[in-house]
Amino acid sequence: MMQWNNWTRSSDFILLGFFDRSPLHTFFFSLILAIFFMALIGNSVMVILIYLDAQLHTPMYILLSQLSLMDLMLISTTVPQMAFNFLSGNKSISMAGCGVQIFFYVSLLGAECFLLAAMAYDRYVAICYPLRYPILMSHKICSLMAAFSWILGSLDGIIDVAAVLSFSYCGTREIPHFFCDIPALLTISCSDTLIFEKIIFFCCVIMLIFPVVIVIASYICVTLAVIKMASAESRHKAFATCSSHVMVVVIYYGAAMFIYMQPSSSRSPNQDKIVSAFYTILTPLLNPLIYSLRNKEVARAFMKVLRMDKAAG
């Protein structure tokens, strides 16, 4: 009993967060809230447009709608809790709340890793085997790819939550982050986490490196196929359909690898917070902007919905 009292008097954690009450930090907090609402609107619009427009009911856009849904859930996993802590002045989060955050955060990150690989495969089949595309990327296969992305991500989330919450935490239980991130939690654990850190690294090889290999292989084949195209217009169209996805892949995988595949000894808490903010807050905003601004079909569907709304009015 004495040992437990030395560890903690409460099961809650304290999220140190990003901000204090200074005017500059209040400005940055307001900026993040604005980004949050813009990301919510942007990703919601993408999901609704793809659902409403029958011409967008193709594998490419079905996978894109799943990416928008994942981004919508990802940013909603971290920012509302951060906003509550800042506005209320109460920085605590319960053990259960921390577990929920870890589950959704890890599950969604893992699911996006596999989904981006599926999207790269979709572009590979569309450009390299256009005549066989309806067979190789049928709606059934597309649905299975999306479903497996969700399932594999969720399995990773369940394993990580079970492991992290089984550790003992002592001292002030202050997490040097704005949400319950696993690397930040491991720094305050009283348990020996070395084996678990090795398991995380192995999982990252599967969840990050394996999809990256698929993406790279797909786009090498796509590039070779595009170079062989006789028409300049065809080459431009092929590259245009892939460029948006390549931009998202570079942003997403680059940030994730920095956090989860770099030794904890070579990182600082501030670095982790900045990079985590980039791909949990900024990336969900960038994805709908990248795909909508560079995609004529999405722009056409958006204008069509606007015209329908004006006609109804």
Side chain to side chain contact (heavy atoms under 4.5 Å, CB included) assessment of Thr280 paired with Ile75: CA-CA 6 Å; Thr280 61; Ile75 197 170; over 6 Å; no
Can you check whether Pro211 reaches Leu116 side chain to side chain, under 4.5 Å on heavy atoms? no
Hydrophobic cluster identity match, Ile93 and Ile14, side-chain contacts under 4.5 Å: no
For the hydrophobic clusters of this structure (ILVMFWY residues joined by side-chain heavy atoms under 4.5 Å, transitively), does one cluster hold both Ile182 and Leu165? yes
Side-chain donor-acceptor pairs of residues 202-209 under 3.5 Å, sequence neighbours excluded:
none

Applying a strict under-4.5 Å side-chain criterion to I, L, V, M, F, W and Y, I'd like to know whether Phe27 and Leu33 cluster together. yes
Kindly determine whether Lys140 and Ser143 satisfy side chain to side chain contact (heavy atoms under 4.5 Å, CB included), including the steps that lead there. CA-CA 5 Å; Lys140 182 179 179 180; Ser143 299; 5.8 Å; no
Passes ring pair (Phe, Tyr, Trp, His ring centres under 6.0 Å), Phe18 versus Phe28? Steps please. CA-CA 9 Å; Phe18 257 134; Phe28 282 125; 9.2 Å; no
Begin from the C-alpha positions of Glu174 and Phe13 and carry the test side chain to side chain contact (heavy atoms under 4.5 Å, CB included) through to its verdict. CA-CA 6 Å; Glu174 293 181 344; Phe13 294 104; over 6 Å; no
For atom CD1 of Ile195, is the number of surrounding heavy atoms from other residues, nucleotides or ligands below 6.0 Å larger than 12? no
Out of curiosity, Arg123 CZ to Cys221 SG, how far, rounded to the nearest 0.5 Å? 14.5 Å
To the nearest 0.5 Å, what is the distance between CG (Asp71) and CG (Leu285)? 10.0 Å
CD1 on Ile62 to NE2 on His139, rounded to 0.5 Å: 5.0 Å
Could you tell me whether Phe196 and Phe167 have their ring centroids closer than 6.0 angstrom? yes
Do Leu74 and Leu109 come within less than 4.5 Å of each other through their side chains, counting heavy atoms only? yes
If you define the side chain from C-beta out and look only at heavy atoms, does anything of Thr77 sit under 4.5 Å from Phe179? no
Minimum side-chain heavy-atom gap Gln55-Tyr61 below 4.5 Å: no
Should Asp122 and Tyr133 be marked as a side chain to side chain donor-acceptor pair (under 3.5 Å) after you check the CA-CA gap, both sets of side-chain angles, and the distance that decides it? CA-CA 9 Å; Asp122 170 71; Tyr133 182 78; 2.4 Å; yes
Report yes if the side chains of Trp150 and Gln66 come closer than 4.5 Å at any heavy-atom pair, otherwise no. yes
Do Met119 and Ile220 share a hydrophobic cluster (ILVMFWY, side-chain heavy atoms under 4.5 Å, transitive)? yes
Applying ring-ring contact (aromatic ring centres under 6.0 Å, His included), can you list everything that pairs with Tyr124, at least two apart in sequence or on another chain? Tyr129
Is Leu63 reachable from Ile135 through a run of hydrophobic residues whose side-chain heavy atoms are each under 4.5 Å from the next? no
Any chance you could measure Ile50, atom CD1, to Thr58, atom OG1, to the nearest 0.5 Å? 8.5 Å
Among Val79, Val45, Leu72, which residue satisfies the side-chain contact (heavy atoms from CB on, under 4.5 Å) criterion with Leu40? Leu72
Transitive ILVMFWY cluster of Leu144 at side-chain heavy atoms under 4.5 Å: who else is in it? Phe148
Spatial distance of atom CZ (Phe178) from atom CG (Leu16) [nearest 0.5 Å]: 13.0 Å
Contacts of Ala96 meeting side chain to side chain contact (heavy atoms under 4.5 Å, CB included) (sequence neighbours excluded), chain-then-number -> Ser94
Distance col, row Ser149:OG vs Leu108:CG, nearest 0.5 angstrom, shows 11.5 Å
Taking only residues at least two apart or on different chains, which pairs with a member in residues 28-105 satisfy disulfide bond (SG atoms under 2.5 Å apart)? Cys98-Cys180
Partner residues of Asp160 under the salt bridge (Lys or Arg N to Asp or Glu O under 4.0 Å) criterion, sequence neighbours left out: none
